[in-house]
There are 2 protein chains.
Amino acid sequence: MYTKKMERKRSDLIADALESLILDGTFADGERLDEQQLAQRFDVSRTPLREAFQRLTLSGLVEQIPRRGVFVRQPGPVELLQMFEVMAELEAVCARLAATRISDAALEEMHATNDRCKAAVEARETDVYYRENRRFHAILYHESGNAFLEQECLRLHKRLHPFRRMQLRLRGRLRQSMSEHEAILAALEDGDGTAAAEAVRNHVAVQGEKFHHLIASLKSAAE
Amino acid sequence: MYTKKMERKRSDLIADALESLILDGTFADGERLDEQQLAQRFDVSRTPLREAFQRLTLSGLVEQIPRRGVFVRQPGPVELLQMFEVMAELEAVCARLAATRISDAALEEMHATNDRCKAAVEARETDVYYRENRRFHAILYHESGNAFLEQECLRLHKRLHPFRRMQLRLRGRLRQSMSEHEAILAALEDGDGTAAAEAVRNHVAVQGEKFHHLIASLKSAAE
DNA sequence: GGTCAACCTTTTGTATACAAGAACTCTTTC
DNA sequence: GAAAGAGTTCTTGTATACAAAAGGTTGACC
């Protein structure tokens with residue numbers, strides 16, 4: 001794994017910036033990203049911008065229509081639910097594989113991470129919560145022993161992050177989430193792959209459901 | 001779904017061409033792709049080439065090291081096995097979901113496709129075999145009812161295609177594969193998600209194993 | 001003779017210039 | 001008055017020119 005810090009090029013930095021802007025909702029769905037305008041805004045030429053666009057296209061955040069331009073493509077409720085479903089299944093696979101492969105050190109680390117996570121929930125430190133929660137899942141991915149699976153999970157997890165954020169609004173969800181983490185840990189400690197997979201699938205899938213409810217309530221409130 | 005034929009730009013065509021060259025093994029692992037040289041070869045400037053490189057980078061076929069260049073990144077045996085493992089799990093999920101959702105028309109289509117596939121095997125028409133086999137799996141993905149899952153499966157399937165090809169060398173593998181397809185169909189017809197998932201997982205996982213054996217035999221033969 | 005440093009070459013990254021296609025408008029015709 | 005078509009303008013796609021950094025080479029010094 002390359003942890004070596006290599007100077008990143010401007011186009012990569014721009015891609016990250018645009019990604020944040022899109023995920024933050026600064027750009028609405030279907031909105032066209034103007035090359036010239038953004039070039040001025042970032043004080044670069046169109047070249048690095050176009051490179052950034054390509055990265056975003058491959059990430060699925062924008063759609064590039066030849067000779068027309070690039071348009072932001074915010075996933076709708078249906079697509080999001082489908083993405084959560086896939087995330088749940090991928091993580092379930094990780095859990096099943098990890099149940100027999102996980103090291104004691106990693107288990108210990110997951111416990112510690114979850115403790116920090118719980119503390120963050122009580123203290124209402126959302127940033128810490130996110131970091132530790134992410135770490136909890138990242139360890140699970142890694143302990144699957146399948147580096148490719150790990151990468152795919154990290155990719156999707158990152159993509160879903162902004163939408164997971166919405167759950168914060170739901171009362172009591174975080175505390176429930178913590179107990180689900182503990183169920184996962186228990187299954188992993190037992191080396192029970194089936195139980196671990198089921199626990200993880202449930203943990204992630206419920207996020208999709210909660211999200212669904214949230215959308216529904218927002219919609220009815222708007223009408 | 002966009003089936004609209006839109007004129008593709010040169011950089012896309014070049015990306016496809018390079019992809020084929022890499023997957024065909026024309027470029028060895030670790031080899032550097034020379035921008036100027038390839039620009040001359042394709043009779044374009046460096047600009048579309050660099051765009052193509054980006055696409056390949058995101059597909060995982062090449063690695064781009066800043067200020068150094070792009071290098072082809074052929075997956076090693078370990079990584080390939082991991083990719084097959086993920087493919088097996090993703091397809092298993094498709095099967096589980098499809099078992100309850102699949103339409104009669106789609107089931108019929110899968111039967112027909114499998115029949116054409118079998119005929120192609122007997123007639124040793126490998127091109128037809130590939131097309132029909134691909135179609136068989138594509139229908140399965142689609143009938144999962146999860147468009148995002150479908151896309152991810154198609155992506156990985158495409159990426160693994162050149163390596164699946166190696167199985168042709170294994171005597172009797174194709175006929176076995178056909179009977180596995182029939183087991184999958186039977187489970188789908190029963191609406192038994194668990195059985196369908198198991199059948200699919202086995203069908204794909206065995207490809208990884210076969211591949212593993214093949215690699216081992218090639219290695220020992222080389223020594 | 002070996003090692004380190006400066007220079008030179010090669011290659012990547014970015015800017016700008018140019019070409020071609022799409023959209024918009026204004027005009028003309030039915 | 002509406003619709004169709006030609007011309008203009010704006011935007012994307014590609015080529016070229018320029019800048020900066022990495023690697024190799026040569027020369028000098030220890």
(Q) Once ring-ring contact (aromatic ring centres under 6.0 Å, His included) is applied, do any residues pair with A:His142, and if so which ones, sequence neighbours excluded? (A) none
Q: Give the rounded distance in Å between these two atoms: CZ of A:Arg8 and P of D:dA21.
A: 17 Å
Q. How would you list, by chain and number, every residue that makes a ring-ring contact (aromatic ring centres under 6.0 Å, His included) with B:Tyr129, sequence neighbours excluded?
A. none
Q. Given atom CD of A:Gln64 and atom C1' of C:dG21, what is their separation to the nearest angstrom?
A. 16 Å
Q: Taking side chain to side chain contact (heavy atoms under 4.5 Å, CB included) as the test, write out the residues that go with A:Asp34, two or more places apart.
A: A:Arg32, A:Gln36, A:Gln37
Q.
Is there a side-chain contact between A:Arg10 and the phosphate of C:dT14, meaning an N or O under 4.0 Å from OP1 or OP2?
A. yes
Q | Length of the line joining A:Phe53:CZ and D:dT11:P, which is rounded to integer Å | A | 13 Å
(Q) Looking at B:Arg68, I'd like to know whether one of its side-chain N or O atoms comes within less than 4.0 Å of OP1 or OP2 on C:dG13. (A) no
**Q.** Distance in angstrom units between A:Lys9 NZ and C:dA15 C1', rounded
**A.** 15 Å
Q) Under a 4.0 Å heavy-atom cut-off, which of residues 32-51 of chain A touch DNA chain C? A) A:Val44, A:Ser45, A:Arg46, A:Thr47, A:Pro48
Q. What do you reckon, is CZ of A:Arg134 surrounded by more than 12 foreign heavy atoms closer than 6.0 Å?
A. no
Show me, pair by pair, the donor-acceptor contacts under 3.5 angstrom made by side chains of residues 14-28 of chain B, not counting sequence neighbours?
residue: B:Asp16; atom: OD1; partner: B:Arg55; partner atom: NH2; Å: 3.1
residue: B:Asp16; atom: OD2; partner: B:Arg8; partner atom: NH1; Å: 3.0
residue: B:Asp16; atom: OD2; partner: B:Arg8; partner atom: NH2; Å: 2.8
residue: B:Ser20; atom: OG; partner: B:Asp16; partner atom: O; Å: 3.2
residue: B:Thr26; atom: OG1; partner: B:Leu21; partner atom: O; Å: 3.4

Q | Rounded distance (Å) that lies between atom P of D:dG23 and atom CD1 of B:Ile65 | A | 10 Å
Q: Can you tell me the distance, in whole Å, between the CD atom of B:Gln54 and the P atom of C:dG13?
A: 9 Å
Q. Partners of A:Thr126 by side chain to side chain contact (heavy atoms under 4.5 Å, CB included), sequence neighbours excluded?
A. A:Tyr130, A:Leu168
